[in-house]
Structures are given as structure tokens and as C-alpha cells.
Visitor: 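I'd like to ask you about the structure that follows.
For this chain, numbers begin at 1 and follow the sequence in order. Values reported hereafter were calculated over all heavy atoms of this structure, with side chains retained and with hydrogens, waters and symmetry mates removed. All values derive from a computational prediction rather than experimental measurement.
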Amino acid sequence: MENTNSKSICEELVFSGFFKAHVKSLRNYLYYKFGNEEKANDITQDAFIKLWENCKKVPIEKAKSYIYTIANNASLNEIAHQKVVLRYAQGHSGNDRTNLNPEFIIEEDQFKQKLEKAIAKLTEAQRTAFLLHRIEGKKYSEIAIMLEISVKAVEKRIHGALVTLRQEIEQFR
């Protein structure tokens with residue numbers, strides 16, 4: 001008699017069923033975190049590949065938390081990488097800045113640093129909504145759908161972010 005507890009995520013049918021049951025929710029979780037469908041799909045795929053590669057080490061009852069942990073760690077690594085790329089791009093964006101007044105260049109760099117610090121002080125909810133709107137150009141309704149909140153909540157978060165940024169930047173002057 002076969003014991004039902006002996007099912008392993010390494011069995012192709014079990015893995016396939018698990019994949020079908022969880023791929024959409026994991027992808028949506030990552031999509032809301034990134035706001036980028038392509039990155040969400042890539043990290044979702046990587047998480048399931050790592051699960052398959054390590055299937056002998058992962059009990060079936062821990063497989064769901066395993067893929068979410070892998071995906072979350074990958075997303076944190078991706079965000080850290082994006083920050084490095086952004087800092088590099090900001091440092092090398094003005095190749096023809098040699099014609100500018102040195103004082104202006106220094107003031108501009110200081111203001112960028114102050115703005116980055118002010119944005120870092122926002123709550124995660126405010127920062128996410130603000131950057132989606134101002135940097136990615138998303139509409140309030142698009143942000144509301146992505147974050148699964150109301151349009152009013154998006155308006156409130158962005159307004160709060162603007163008020164906080166205004167106060168922070170005024171302190172720097």
C-alpha cells in the first residue's frame with residue numbers, strides 16, 4: 001500500500017500540479033512588487049527552476065514558502081542592482097557637463113543626493129506610489145490596480161509623499 005505522505009515535489013505530476021496552482025499568484029506578487037511584468041515573469045520562472053533543482057531537499061509542505069522566499073530574495077537583489085545602475089547612470093549622465101559652471105554642477109549633485117535621501121525617508125507605500133507615478137508615468141488608476149488599492153488611496157499616498165518631500169527639501173535649503 002502506497003503512503004500518500006511519500007509524495008515528493010520531484011515527481012513530475014506533483015511538480016506540474018504545484019506549478020499550475022501557484023505560478024499565477026507568485027507572478028502577481030512579483031508584478032505588484034516590481035511593477036514590471038517581464039521581471040516578474042523572469043523571477044517567477046527562476047524560483048520554480050530552483051525548486052525543481054532542489055526538489056529532493058524541499059518537502060512538499062514547504063515548497064510554497066520556498067518559492068516565495070527564493071522570489072523575494074531575487075527581487076531584493078534586483079532592486080539593489082537597480083540602485084547601483086541608477087547611481088552609475090546619474091554619475092555618468094552628464095558627459096558634456098564640462099561647459100557648465102562648477103558651482104552649478106556641485107549644487108546639482110547635492111540636490112540629487114538630498115532628493116534621494118528625502119525619497120528614501122518616505123514610507124514604502126508612499127515611495128512606491130510616487131515613483132510609479134512620477135518616474136514610470138503610471139496613471140493613478142493603473143497604480144491602484146497594481147497595488148490592489150483604491151484610486152483615492154493612491155491619491156492620498158502621492159499627496160503624502162509630495163508633502164513630505166517638500167518639507168524635507170525645505171530643510172536642506
Side-chain angles (χ1 to χ4, degrees), residues 18-51 63-97 100 104-173:
F18 179 82
F19 176 83
K20 288 175 184 172
H22 298 288
V23 69
K24 188 175 181 181
S25 64
L26 179 62
R27 192 201 70 78
N28 287 344
Y29 165 75
L30 291 168
Y31 177 66
Y32 298 142
K33 193 167 183 114
F34 279 117
N36 182 321
E37 189 173 358
E38 190 176 311
K39 284 189 192 321
N41 288 334
D42 289 347
I43 291 178
T44 299
Q45 184 176 356
D46 290 345
F48 279 100
I49 289 171
K50 285 186 181 174
L51 174 62
K64 183 176 179 181
S65 69
Y66 181 83
I67 61 168
Y68 274 86
T69 300
I70 293 294
N72 193 48
N73 289 343
S75 68
L76 293 174
N77 290 341
E78 180 65 29
I79 290 168
H81 174 71
Q82 287 173 352
K83 286 180 181 178
V84 169
V85 169
L86 182 63
R87 280 192 207 117
Y88 179 81
Q90 288 173 342
H92 293 82
S93 64
N95 291 337
D96 68 338
R97 289 168 46 147
L100 297 176
F104 177 79
I105 294 172
I106 292 171
E107 287 177 17
E108 183 183 37
D109 289 341
Q110 287 174 344
F111 184 77
K112 282 182 184 177
Q113 290 173 353
K114 292 170 186 175
L115 182 59
E116 286 174 6
K117 286 179 184 177
I119 290 173
K121 288 183 180 180
L122 296 174
T123 67
E124 183 178 346
Q126 288 176 335
R127 184 173 48 253
T128 302
F130 176 77
L131 293 175
L132 284 172
H133 179 63
R134 294 295 172 119
I135 303 300
E136 294 194 19
K138 302 281 186 198
K139 296 178 182 172
Y140 285 10
S141 58
E142 293 173 315
I143 297 169
I145 292 168
M146 289 170 65
L147 300 178
E148 294 184 329
I149 58 175
S150 69
V151 174
K152 258 313 190 205
V154 173
E155 291 172 1
K156 185 175 180 181
R157 289 179 182 186
I158 292 175
H159 174 73
L162 290 171
V163 168
T164 303
L165 289 174
R166 217 172 273 127
Q167 291 170 347
E168 290 290 327
I169 290 172
E170 285 298 319
Q171 289 178 358
F172 292 129
R173 290 187 179 183

Visitor: Please find the pair of heavy atoms, one from Y66 and one from K50, that lie closest to each other, and give the distance.
Guide: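 So the minimum-distance heavy-atom pair works out to OH-O, 3.8 Å.
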Visitor: Check whether more than 12 heavy atoms from other residues, nucleotides or ligands sit under 6.0 Å from atom CD of E116, and answer yes or no.
Guide: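 For E116, atom CD is crowded (more than 12 foreign heavy atoms under 6.0 Å).
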Visitor: What is the distance from atom OG1 of T44 to atom CD of E37, rounded to the nearest 0.5 Å?
Guide: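 Rounded to the nearest 0.5 Å, the OG1-CD separation comes to 10.5 Å.
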Visitor: Let me confirm one number: the NE2-OG1 distance from H159 to T164, rounded to the nearest 0.5 Å.
Guide: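 If I round to the nearest 0.5 Å, the distance is 9.0 Å.
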Visitor: State, with a plain yes or no, whether a side-chain heavy atom of I70 is found less than 4.5 Å away from one of D46.
Guide: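 Counting from C-beta outward, I70 and D46 never come under 4.5 Å.
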Visitor: First locate atom NZ of K121, then atom CD of E168, and finally report the distance between them rounded to the nearest 0.5 Å.
Guide: 4.0 Å
Visitor: State, yes or no, whether a side-chain contact exists between I143 and R157 at a heavy-atom distance under 4.5 Å.
Guide: no
Visitor: Distance from H133 atom NE2 to K138 atom NZ, nearest 0.5 Å?
Guide: 12.5 Å
Visitor: Measuring from I49:CD1 to I43:CD1, what's the distance to the nearest 0.5 Å?
Guide: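 If I round to the nearest 0.5 Å, the distance is 12.5 Å.
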Visitor: Using a strict cut-off of less than 4.0 Å between a Lys/Arg side-chain nitrogen and an Asp/Glu carboxylate oxygen, indicate whether E124 and R127 qualify as a salt bridge.
Guide: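 Salt bridge absent between E124 and R127.
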Visitor: Measure across S25 and Y68 and return the closest heavy-atom pair with its distance rounded to 0.1 Å.
Guide: OG-OH, 3.1 Å
Visitor: Nearest heavy-atom pair of V151 and S141: which atoms, and what distance?
Guide: CG2-CA, 4.0 Å
Visitor: What heavy-atom pair brings F130 and A161 nearest, and what distance separates the two atoms?
Guide: CB-CB, 3.9 Å
Visitor: Kindly compute the distance separating OG1 (T128) from CD1 (I149), expressed to the nearest 0.5 Å.
Guide: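 These two atoms lie 9.5 Å from each other.
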